[in-house]
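Before any comments, here is the structure.
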Amino acid sequence: MYIVLKKTAVLSLIWSRFCSLLLNVLRASHSKKLLCGCLLQACFVQVALSETVIESVDAPQKQFSVAVVDSMIKIRQDQAVLTREGQSIYLSTPRNAAETGQIVLYSANSDFDNVTVDVSDLVNGDNRIEGNDVHQYIAHYFEVDSPTDYKGSTGYWPDALVPLKNSFTLKKRKSQSIWIKIHVDKTVATGTYVGVLKVRAAGVLVESVPLSIEVWDISLDDVPKLPIVIGLDYLSIKNAELPVGSFQELKEVIVPGYYQSLRENGVFPVALMDAKPNVYITEDSVEIDFENYETELIRAYKGKMDAPFFIPLEKSWPIDSDMFPIFSDGYNERVAMYLRKMAAWLFDKGWLDNAFIYIPESDEPGTVSEYEFIVGMQSLANEADSRLRVLQTYTRECRDCWGSGGVSALENNNVLWCPNISIFGGHSLKLKKGFLGTSIDSTTPAWNEAIVSKLKNEKRELWFYVNPWTYLLSEPQPNYLNIYIDHQGIKARLLGWFAYANGMTAMTHWNGTYWQDVTHPWEQVSKGESRNQPNGDGVLLYPARGVNEYAKQPKPVGPVLSLRLELMREGAEDYRLLKTLEKKLGTGKAQAALSKVYTS
């Protein structure tokens, strides 16, 4: 199948209006270079206004073709993209950021061995970005045997972005995506850097593609404005990376590589491996040794506690609920003592502002008993220290709450809310009981503007998480942003814009390494727990072990990032740029710019 990529006519109309708006602001502003940067950034994501239309065409194709494709567009392995005359890669970015591009290779009739992709130095007068600093990745494809929903499709979809170090074989009639990623640090001079990307087969030049990147006169802050917070399944990592090693070796050798790769891309774990402090319970006191906890935090965050991190607390840890029944006086007193000492220690370290409590048993509550437990734990945290925040997810309505129960019962001044993305579109999960058992339906969420307004007035943070639960509904389904493997990448990139539009400060996903229910993480698409969730759910990373066998490339130091996580990272950088615009020109100007590019 040959395809041609098109944009709908409405893009040009809305985009031209957006350009006019920014240019008018530009004329009235002293921050001209800043606004030019925002204009270029918005131009790069203009496709966000509408899904890309992919049409089949009947047309001749070169024996070996190289097509330039936006990195937000996924090309399945059974698709080929028509090349265009005079095609080139043009990127633009602020400093202290990274931008990506994509080419798609295709052979019509035969295999090609020893294919290489090289990038020259990018030159701007006397300044240059070394070609070695332009990182290249070869996409690994996964078979989707059943689509997530009516917008998904079967076939081999690209997802794992493997560092490209060796030559590779291009198989006939199988497209191969190659990504480039250029990181521009704060020291790079402003201007347009020009070079060339060359594709060779067995040493013979196949195609030269002009490559340029414009570096704007603006630098993004170092502090993550929109951190991506994901769970890590350490048992899955152990089984995939170190099947015959010890958990201590995993903790000291393998997991730090995961932490580093995540940190470099603005991603942070919900919980660290074996990072609890040592807590000693006596008859009338709670003593805490923070050494292990501090060591693991520094290991994971490189000593920069400028992003969210967890305070360990569970229903039966550190206080054993068998010894001290839950919410008994003995239980309450000891939990409060633990949290009080934890808060004091974090405050003394200067870390308290970014800390949050996450209680695993409080996840996605839906019954009166679950609500009562959460409210009780919130009260204990508030009693210990009102500065402690308790993370609370929300995706479904309480099925046996009456009267004024429901989500309002969970609202407290120390709650860090993290609703499912579908809540903001007016869809909350509702379980219905009938003669044939329990069924799933959608209902209007109890979450409302009053809660959002209260959070804003109290200057409290608001997080959100993907994927939307609405994939469980029968067709048709709401078209929410998501990170499904078999949906186009624009939906992952736009998550940053969605977050800015709704005043959110972090985006999350329940897990990034849930490989427990696949035959092998490099062989089979993850579908979450019990394999009944969307394609790719629970997996945003792939193990380094297996890269040599499955991707024919050298084993990297850390995990392999997914294409979807890279696009989430880019969306988070878009968010940082919008925040910079807001800081320079005010919220009104930033929101006006946003509204011309992104609509919910």
Side-chain angles (χ1 to χ4, degrees), residues 1 3 51-52 54 69-79 100 102 104 137-162 174-179 228 230-231 233 236 240 265 267 421 465-472 477 479-495 507-543 546-547 550-551 559-571:
M1 178 193 296
I3 62 173
E51 288 192 3
T52 303
I54 301 181
V69 180
D70 192 292
S71 56
M72 290 184 287
I73 298 173
K74 302 179 189 179
I75 303 298
R76 294 197 317 266
Q77 205 167 42
D78 61 316
Q79 297 172 319
T100 61
Q102 178 184 204
V104 177
Y137 302 87
I138 184 168
H140 183 76
Y141 294 77
F142 295 85
E143 183 181 14
V144 171
D145 53 14
S146 60
T148 294
D149 57 16
Y150 73 106
K151 284 187 172 291
S153 63
T154 59
Y156 284 84
W157 286 80
D159 196 49
L161 294 177
V162 180
K174 289 186 177 181
S175 284
Q176 179 59 64
S177 168
I178 303 293
W179 271 45
I228 303 167
I230 65 173
D233 181 18
S236 286
N265 289 279
V267 187
I421 191 172
Y465 70 100
V466 287
N467 279 308
W469 70 267
T470 46
Y471 73 91
L472 295 167
Q477 299 162 1
N479 189 22
Y480 288 114
L481 301 179
N482 60 66
I483 48 175
Y484 305 156
I485 282 182
D486 55 331
H487 277 214
Q488 281 301 325
I490 182 64
K491 293 185 175 181
R493 176 77 182 256
L494 271 180
L495 288 168
M507 54 179 164
T508 74
H509 188 54
W510 70 278
N511 217 302
T513 62
Y514 190 79
W515 305 319
Q516 292 191 32
D517 291 330
V518 296
T519 55
H520 192 287
W522 283 100
E523 292 178 352
Q524 191 177 24
V525 169
S526 168
K527 295 185 180 182
E529 295 175 299
S530 304
R531 295 196 58 75
N532 61 356
Q533 295 170 11
N535 290 303
D537 199 70
V539 169
L540 290 167
L541 302 166
Y542 294 92
V547 166
Y550 291 92
V560 171
L561 271 63
S562 67
L563 181 158
R564 294 166 294 138
L565 189 55
E566 272 287 357
L567 290 172
M568 291 173 72
R569 177 199 60 77
E570 292 205 51

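Checking Asn482, Asp537, Ile483 one by one against Val466, the side-chain contact (heavy atoms from CB on, under 4.5 Å) holds for a single residue, Ile483. For the side-chain hydrogen bond (donor to acceptor under 3.5 Å, both in side chains) criterion with Lys527, the lone passing option out of Asn532, Asp145, Thr148 is Asp145. When each of Thr513, Asp159, Leu161 is checked for a side-chain contact (heavy atoms from CB on, under 4.5 Å) with Tyr542, only Asp159 meets the rule.
Of all non-hydrogen atoms in Lys74 and Gln488, the two that sit nearest each other are N-OE1, 2.7 Å. The minimum heavy-atom distance linking Leu565 with Ser562 is given by the pair N-OG, 3.0 Å. Listed here is the closest heavy atom pair of Ser71 and Trp179: O-CZ2, 3.2 Å. The minimum heavy-atom distance between Pro147 and Asn535, with the atom names listed, is C-ND2, 3.7 Å. Contact between Ala160 and Val560 at its shortest, heavy atoms only, is CB-CG1, 4.1 Å. Of all heavy-atom pairs spanning Gly538 and His509, the tightest one is N-NE2, 3.1 Å.
For Gln533 and Tyr471, the side-chain atoms include no donor-acceptor pair closer than 3.5 Å. For the 3.5 Å distance criterion, the side chains of Glu566 and Thr100 fail to qualify, holding no donor opposite an acceptor.
Counting only heavy atoms from C-beta outward, the side chains of Val162 and Trp522 approach each other to under 4.5 Å. At least one side-chain heavy atom of Ile485 sits less than 4.5 Å from a side-chain heavy atom of Arg564. Between Asp149 and His487, the closest side-chain pair of non-hydrogen atoms falls below 4.5 Å. Contact annotation: the side chain of Asn467 never approaches that of Tyr480 to less than 4.5 Å [non-hydrogen atoms, C-beta and beyond]. Tyr156 is not listed as a side-chain neighbour of Asp78, based on a closest heavy-atom distance of 4.5 Å or more. You'll find the side chain of Lys491 reaches within 4.5 Å of the side chain of Lys151, heavy atoms only. Taking 4.5 Å as the limit, every side-chain heavy atom of Val518 sits out of range of all side-chain heavy atoms of Phe142. Ile230 has its side chain within reach of Leu540: a pair of non-hydrogen atoms, C-beta onward, lies under 4.5 Å apart.
In this structure, CZ in Arg76 is found 14.0 Å from OG in Ser177, a value given to the nearest 0.5 Å. Summarising the geometry, atom CD belonging to Glu523 is positioned 12.0 Å from atom CD belonging to Glu143; distances are rounded to the nearest 0.5 Å. Within the model, atoms OG1 of Thr508 and CD1 of Ile228 stand 10.5 Å from one another, a figure rounded to the nearest 0.5 Å.
In this structure, Tyr550 places its OH atom where more than 12 heavy-atom neighbours from other residues, nucleotides or ligands lie under 6.0 Å away.
Using a 30° and 60° split on the angle between ring planes, Tyr514 and Trp510 fall in the tilted class, from 30° to 60°.
Listed for the Glu570 side chain is no donor-acceptor partner under 3.5 Å among the backbone atoms of Arg493. For the pair Asp70 (side chain) and Met72 (backbone), a donor-acceptor distance under 3.5 Å is present. Of the possible polar contacts, none joining the Gln77 side chain to the Pro158 backbone as a donor-acceptor pair under 3.5 Å is found. For Asn511 (side chain) and Asp233 (main-chain N/O), a donor-acceptor pair under 3.5 Å exists by modelled atom type. At least one donor-acceptor pair under 3.5 Å links the side chain of Gln176 to the backbone N or O of Ala139.
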